[in-house]
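For reference, the structure is listed below as structure tokens.
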Amino acid sequence: MTTRTDIPAAETGGEQRSWLREHSELGVCALLLALGVLVLTDALTMDVDIAQRGPVGPKTVPIVVGAGLLVIAALLAVDVLRGGRGQAEGGEDIDLSEPADWRTVLLLAGVFLGAAVLIEPLGFPVAGALLFWGAAFALGSRRIDRDPLIAAGLSLVTYTVFNNLLGVPLPGGPLMGVL
């Protein structure tokens, strides 16, 4: 039995890290695989009363989506292992040398979280208006005279379309009697 003493241990660890870095898209494959298994498991364990459904029931779409995720994960893994690589982002308005704008990301996350917390007590029209105005503010708009009015109008139109026209009930909050 011979051992290689001419290659330091740090280099073999570096080769492994280099291989993982070159095949980092396999992480996306693993995520798609796990998501596909989760969707299929949920779909196949779904309790459905067949007597009230036709041949295409509520299990059909999740099974198709889960199977599609598994197929895409397998095809992507094969492509990556054969040497395929995703292209780096190269948009005309993107400067890849600049760091991420974490302030904007955190502001948007806070606005979304705030809207999710406030939708039940305040209702969709108020929470939606705060969501639309907060998102506009986080993305750089500073028109205090215009943005809240547009956000309120957009929120009321969205509430009316979903609640009255589409029949999707949204919480009205204190404005339930008015709207």
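All of these numbers come straight from a predicted model, not from anything done at the bench.
- Taking both residues in full, the closest heavy atoms of S155 and P125 are given as OG-O, 2.7 Å, listed atom of the first, atom of the second, then distance.
- Separation of atoms CD1 (I150) and CZ (F132) is listed at 12.0 Å; rounding is to 0.5 Å.
- More than 12 heavy-atom neighbours from other residues, nucleotides or ligands sit within 6.0 angstrom of CZ on R142.
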R103 and D101: CA distance, side-chain angles, deciding distance, salt bridge (charged side-chain N to carboxylate O under 4.0 Å, His left out) verdict: CA-CA 6 Å; R103 178 183 178 273; D101 185 8; over 6 Å; no
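- By the criterion of side-chain heavy atoms lying less than 4.5 angstrom apart, applied directly or through intervening Ile, Leu, Val, Met, Phe, Trp or Tyr residues, L118 is not grouped with L154; the two fall into different hydrophobic clusters.
- Residue L35 holds its CG atom at 9.5 Å from CG of L70, rounded to the nearest 0.5 Å.
- Closest of all the heavy-atom pairs between A129 and A151 is O-CB, 3.4 Å.
- Closest approach of L108 to L139, counting heavy atoms only: CD1-CD2, 3.8 Å.
- Hydrophobic clustering keeps F112 apart from F137 (ILVMFWY residues linked when any side-chain heavy atoms are closer than 4.5 Å, directly or through intermediates).
- A pairwise comparison of heavy atoms in L107 and A138 identifies CB-CB, 3.7 Å as the closest pair.
- Contact check for D79 versus L75: no side-chain heavy atoms found under the 4.5 Å cut-off.
- Cluster membership check: L81 shares its hydrophobic cluster with L76, using side-chain heavy-atom separations under 4.5 Å among Ile, Leu, Val, Met, Phe, Trp and Tyr.
- Cluster annotation: I63 and I72 are assigned to distinct hydrophobic clusters (Ile/Leu/Val/Met/Phe/Trp/Tyr, side-chain heavy-atom contacts under 4.5 Å, transitive).
- The only option from L33, L32, L26 that meets the side chain to side chain contact (heavy atoms under 4.5 Å, CB included) definition with C29 turns out to be L26.
- We find the CD1-CH2 distance between I144 and W133 to be 6.0 Å, quoted to the nearest 0.5 Å.
- One distance of note links CD of E25 with CG of L31; it measures 13.5 Å at 0.5 Å rounding.
- In the hydrophobic clustering of ILVMFWY residues, with side-chain heavy atoms under 4.5 Å counting as a link, V168 and Y159 come out together.
- In this structure, A115 and L131 approach most closely via the heavy-atom pair CB-CB, 3.9 Å.
- Other residues, nucleotides and ligands contribute more than 12 heavy atoms inside 6.0 Å of the CG atom of L166.
- N163 and L170 get closest at one heavy-atom pair: OD1-N, 3.3 Å.
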